[in-house]
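Worksheet: the structure to be examined is printed underneath.
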Amino acid sequence: MAAAEVNGGIPTTVLKRHCGPRYSLGSITDEKGIPQICDDKTCPQEVSRARLLFYAKTEELIGTMKVFCGRANPTTGSMEWLEEDEHYDYHQEIARSSYADMLHDKDRNIKYYQGIRAAVSRVKDRGQKALVLDIGTGTGLLSMMAVTAGADFCYAIEVFKPMADAAVKIVEKNGFSDKIKIINKHSTEVTIGPDGDMPCRANILITELFDTELIGEGALPSYEHAHRHLMQENCEAVPHRATVYAQLVESRRMWSWNKLFPIRVQTSLGEKVIVPPLELERCPGAPSVCDIQLNQVSPTDFTVLSDVLPMFSVDFSKQVSSSAACHSRQFEPLASGQAQVVLSWWDIEMDPEGKIKCTMAPFWAHSDPEELQWRDHWMQCVYFLSQEEPVIQGSVLCLVAHHDDYCVWYSLQKTSPEKNGRVHLARPVCDCQAHLLWNRPRFGEINDQDRTDQYVQALSTVLKPDSVCLCISDGSLLSMLAYHLGAEQIFKANHLEDKINMIEKRPELLTPADLGDKKVSLLLGEPFFTTSLLPWHNLYFWYVRTAVDRHLGPGAVVMPQAASLHVVVVEFRDLWRIRSPCGNCEGFDVHIMDDMIKCALDFRESKEAEPHPLWEYPCRSLSEPQQILTFDFLQPVPPQPIRAEGTIELRRSGRSHGAVLWMEYHLTPDSTVSTGLLKPAENKGDCCWNPHCKQAVYFFNTTQDSRAPPDSPRTVSYTVAFHPDTGDVTMDFTLSDALTC
């Protein structure tokens, strides 16, 4: 049945565009078959059938219309409606994807190619045709490898339509259209039979459905369905097997990402301690995995308490179950200490013998650290135990890995779950609310005693006994440092409820009555807001300061007094790969993919910076850091833009991959907090970044090799502007004597 018939004469694209993302084809209709708006009965949106038909006819006549997208502006705090191209979300998905990173992962590509050749050979040796099912084909790379290895035919499944369209073109360009069929469906929707997507079941299963946690992208349900409905018995699978490893450690640094430590405050009356509430101490924490570049965590930041333990394996050549399960490993602690964190990673074996292996192991557990492959699409996992537990060297314990169809978590037990009757432990969920408000870096930031001391010292210079303080930040403990609290449970834990007035209002709605008819003498902010992604989004503090201007008393102090935007040009050790074109991958032309990513970037992202936690991504500064914009918080937000133009001189040799931008907050004339560089770069230019914040990275379309002759130009020109009406920071960088990387 045609889509227009199912939808009462209204094309599906029109329904999705005007009825919202919850609509699915033919699934929401009334008794007459007329489509309803969505499956949310409380949805206030009302679009009549007549209006939908009008939209459909209009678009038929004038082409695709623009889409209005609502978003909360993280800088100004206002609700905005933006006119976007209907394919904006596709462009965004492609631009921010890991496709380029995967294509540059040579270790992954080589191991897959070796495994595919071996699997095709085993099938051919049995006298069978090699029929391949490739789930999540992406560019079609693995299918092209299979055909080159001798496969008779490949059915390549890709659910993301723009990617499926690109795969069709890539396959055609490489001359494999007669042996590879791209199927734009989810694998669970693929049909078998004379009129189906595949005439018969396949006997080689190739997939790349893995994330850092292995199963987080739905690998288990996809494998389960494929074996039941799409694959022959005793099929080959590439990869053949995956194994998850774990290592128990004690780490104050990593534990600080999950629990709130007591905060010590030095005052004129002695030391005071801010204690976390019992609810927070007892909370098991956020249920999601913390995935990081574990190779950038110094070995001095943790103490190993166990050997590397193989926790469980999945054989992808046999029927796979997505049911919840647990796997225990008995071990003797290597040292006494506090068990807090489980470090975890996996490897995949491409062949039954396990000779072709691709591993995510960090350097200290890698069989050959010199051959360590950098990748960002697969990293390592940090899991937090629900509570820290003391362990004694030489005693016997059980580390238990639990998983459902999408997630993994760990527990430490005295005996195996089978013996104590607790075969499966429910997935831990935050019940204190703090882990919903603060992410892991934010926990680390609040637990940073040096940072706290800096704020205490700054406060001591501006705080008076009769100060009326107004603190503006999300979930901040800064108010407690000034005897005002920023979180209700912590008020009670420290017996300060009567000294705090929590005002749950937007700043522009604040009234004198909310402030006890007093004028504010000290306006405080870190600033930190949970909606901020880029460094300058925390300029929301400036907009709030402007909104409450009428409530500030004469001579009111604002802390921080000002902020500044800084920039440095850098050469990345590896991060540049995520934005670098691939061109040719293992002998296959993937220029179409490069062009697709470039087109998506040119749509908007090429002129935008993107947030990255640069402590995980080593880089060298090629220029000196430079201040380019300043923001005076002592004054309201100005009506006119703040602009800066200039040049940045490259003083060190290397390839300039991009510019890094960050904010610095000037608490007082003598105290500045940086969200970027923490100290001057060393002689070679190695950068030390604030580990609690993400910095903004503007990748250059071309790179400049500053090893050019001394008399050649070695500068980067920039134009940067802050637009008060939108809160946006726009930028453009131009490299002189630029060379394509």
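Since the structure is predicted, the reported quantities are computational estimates derived from the model, not experimental observations.
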Between CZ of Phe631 and NE2 of His666, what distance do you get to the nearest 0.5 Å? 10.0 Å

For the residue pair Lys598 and Pro581, establish whether any side-chain heavy-atom pair is separated by less than 4.5 Å. no

With a 3.5 Å distance limit and no angle check, can you tell me whether Arg545 reaches the backbone of Leu634 through a side-chain donor-acceptor pair? yes

Could you measure the distance from the SG atom of Cys585 to the CE atom of Met102? Nearest 0.5 Å is fine. 10.5 Å

Taking side chain as C-beta onward, heavy atoms only, is Phe633 less than 4.5 Å from Leu539? yes

How long is the gap from CZ on Arg655 to CD on Glu571, to the nearest 0.5 Å? 8.5 Å

Would you say the side chain of Phe588 lies within less than 4.5 Å of the side chain of Ile170, judging by non-hydrogen atoms? no

With a 4.5 Å heavy-atom cut-off, do Asn447 and Leu260 have their side chains touching? yes

Between Asp107 and Arg375, is there a side-chain N and carboxylate O pair less than 4.0 Å apart? yes

Keeping Asp594 on the side-chain end and Gly583 on the backbone end, is there a donor-acceptor pair under 3.5 Å? yes

Residues that Asp165 engages under salt bridge (Lys or Arg N to Asp or Glu O under 4.0 Å), provided they are two or more places apart: Lys161

Walk me through it: do Glu624 and Arg652 pass the test side chain to side chain contact (heavy atoms under 4.5 Å, CB included)? CA-CA 9 Å; Glu624 294 302 315; Arg652 293 186 181 91; 4.1 Å; yes

Any heavy-atom pair between the side chains of His537 and Thr531 that's under 4.5 Å? no

Check: Glu526/Ser473 side-chain N/O donor and acceptor closer than 3.5 Å: no

Centroid separation Phe443 to Trp257 less than 6.0 Å: no

Not counting sequence neighbours, which residues clear side-chain hydrogen bond (donor to acceptor under 3.5 Å, both in side chains) with Tyr617? List them please. Asp376

By ring-ring contact (aromatic ring centres under 6.0 Å, His included) - contacts of Phe302 (at least two apart): Trp364

Go through the side-chain N and O atoms of Thr719 and Arg643 and say whether any donor and acceptor fall under 3.5 Å apart. no

Would you say the side chain of Thr630 lies within less than 4.5 Å of the side chain of Phe722, judging by non-hydrogen atoms? no

Go through the structure and list residues passing ring-ring contact (aromatic ring centres under 6.0 Å, His included) with Tyr540, not counting sequence neighbours. Phe529

Nearest heavy-atom approach of Ile503 to Asp514 is CD1-O, 3.7 Å

Minimal heavy-atom distance between Arg506 and Gly77, with the atoms involved, is NH2-O, 3.1 Å

Check whether Ser580 reaches the backbone of Arg577 with its side chain - one donor and one acceptor, N or O, closer than 3.5 Å. no

If every non-hydrogen atom of Asp632 is compared with every non-hydrogen atom of Ala562, which pair is closest and at what distance? CA-CB, 4.4 Å

Mind checking ring-ring contact (aromatic ring centres under 6.0 Å, His included) for Tyr455 and listing every partner two or more places apart, or none if nothing turns up? none

Would you say Pro507 and Ile472 make side-chain contact, with heavy atoms under 4.5 Å? no

Verdict with supporting geometry, Val567 and Phe733, side chain to side chain contact (heavy atoms under 4.5 Å, CB included): CA-CA 11 Å; Val567 66; Phe733 291 86; 4.1 Å; yes

Distance (rounded to the nearest 0.5 Å) between Leu661 CG and Leu629 CG: 9.0 Å

Anything under 30° is parallel, anything over 60° is perpendicular, the rest tilted; go ahead and classify Phe572 against Phe699. tilted

Can you tell me if His104 uses its side chain to pair, donor with acceptor, with the backbone of Ile578 under 3.5 Å? no

With side chain to side chain contact (heavy atoms under 4.5 Å, CB included) as the test, would you mind laying out the steps for Gln627 and His566 before giving the verdict? CA-CA 4 Å; Gln627 178 176 305; His566 297 249; 3.6 Å; yes

Compare every heavy atom of Thr675 with every heavy atom of Cys693, then report the nearest pair and how far apart it is. CB-O, 3.6 Å

Under 3.5 Å, side chain of Ser521 to main-chain N/O of Val468, donor-acceptor pair present? yes

Spell out, as yes or no, whether a donor-acceptor pair under 3.5 Å connects the side chain of Thr530 to the backbone of Leu437. no

For a quick test of your reading: what N or O donor-acceptor pairs under 3.5 Å do the side chains of residues 682-692 make, sequence neighbours left out?
{"residue": "Asn690", "atom": "OD1", "partner": "His692", "partner atom": "N", "Å": "2.8"}
{"residue": "Asn690", "atom": "ND2", "partner": "Ser674", "partner atom": "O", "Å": "2.9"}
{"residue": "His692", "atom": "NE2", "partner": "Asp448", "partner atom": "OD2", "Å": "3.0"}

Considering non-hydrogen atoms only, spot the tightest contact between Glu616 and Gln296 and give its length. O-CG, 3.2 Å

Exceeds 12 heavy-atom contacts within 6.0 angstrom, atom NZ of Lys106: no

Does any N or O in the side chain of Arg253 come within less than 3.5 Å of the main-chain N or O of Gly444, such that one atom is a donor and the other an acceptor? no

Supply the atom-to-atom distance Trp576 CH2 to Ser656 OG, rounded to the nearest 0.5 angstrom. 13.5 Å

I'd like to know if the side chain of Thr668 reaches the main chain of Asp670, judged simply by a donor and an acceptor atom lying under 3.5 Å from each other, with no hydrogens or angles considered. yes

Asp453 versus Gln449, side-chain donor and acceptor atoms under 3.5 Å: yes

Side-chain donor/acceptor of His612 to backbone N/O of Val697, under 3.5 Å: no

CA sep, side-chain torsions, deciding dist, call: Asp474, Ser532, side chain to side chain contact (heavy atoms under 4.5 Å, CB included): CA-CA 10 Å; Asp474 283 348; Ser532 298; over 6 Å; no

Pro625 to Trp662 - nearest heavy-atom pair and separation: CB-CH2, 3.9 Å

Between atom CD of Gln380 and atom OG1 of Thr212, what is the distance when rounded to the nearest 0.5 Å? 7.5 Å

Please check: side-chain N/O of Lys694 versus main-chain N/O of Leu614, any donor-acceptor pairing under 3.5 Å? no

Examine the side chains of His723 and Thr730 and answer whether a donor and an acceptor come within less than 3.5 Å of each other. yes

Side chains of Glu649 and Ser623, heavy atoms from C-beta outward: is any pair under 4.5 Å? no

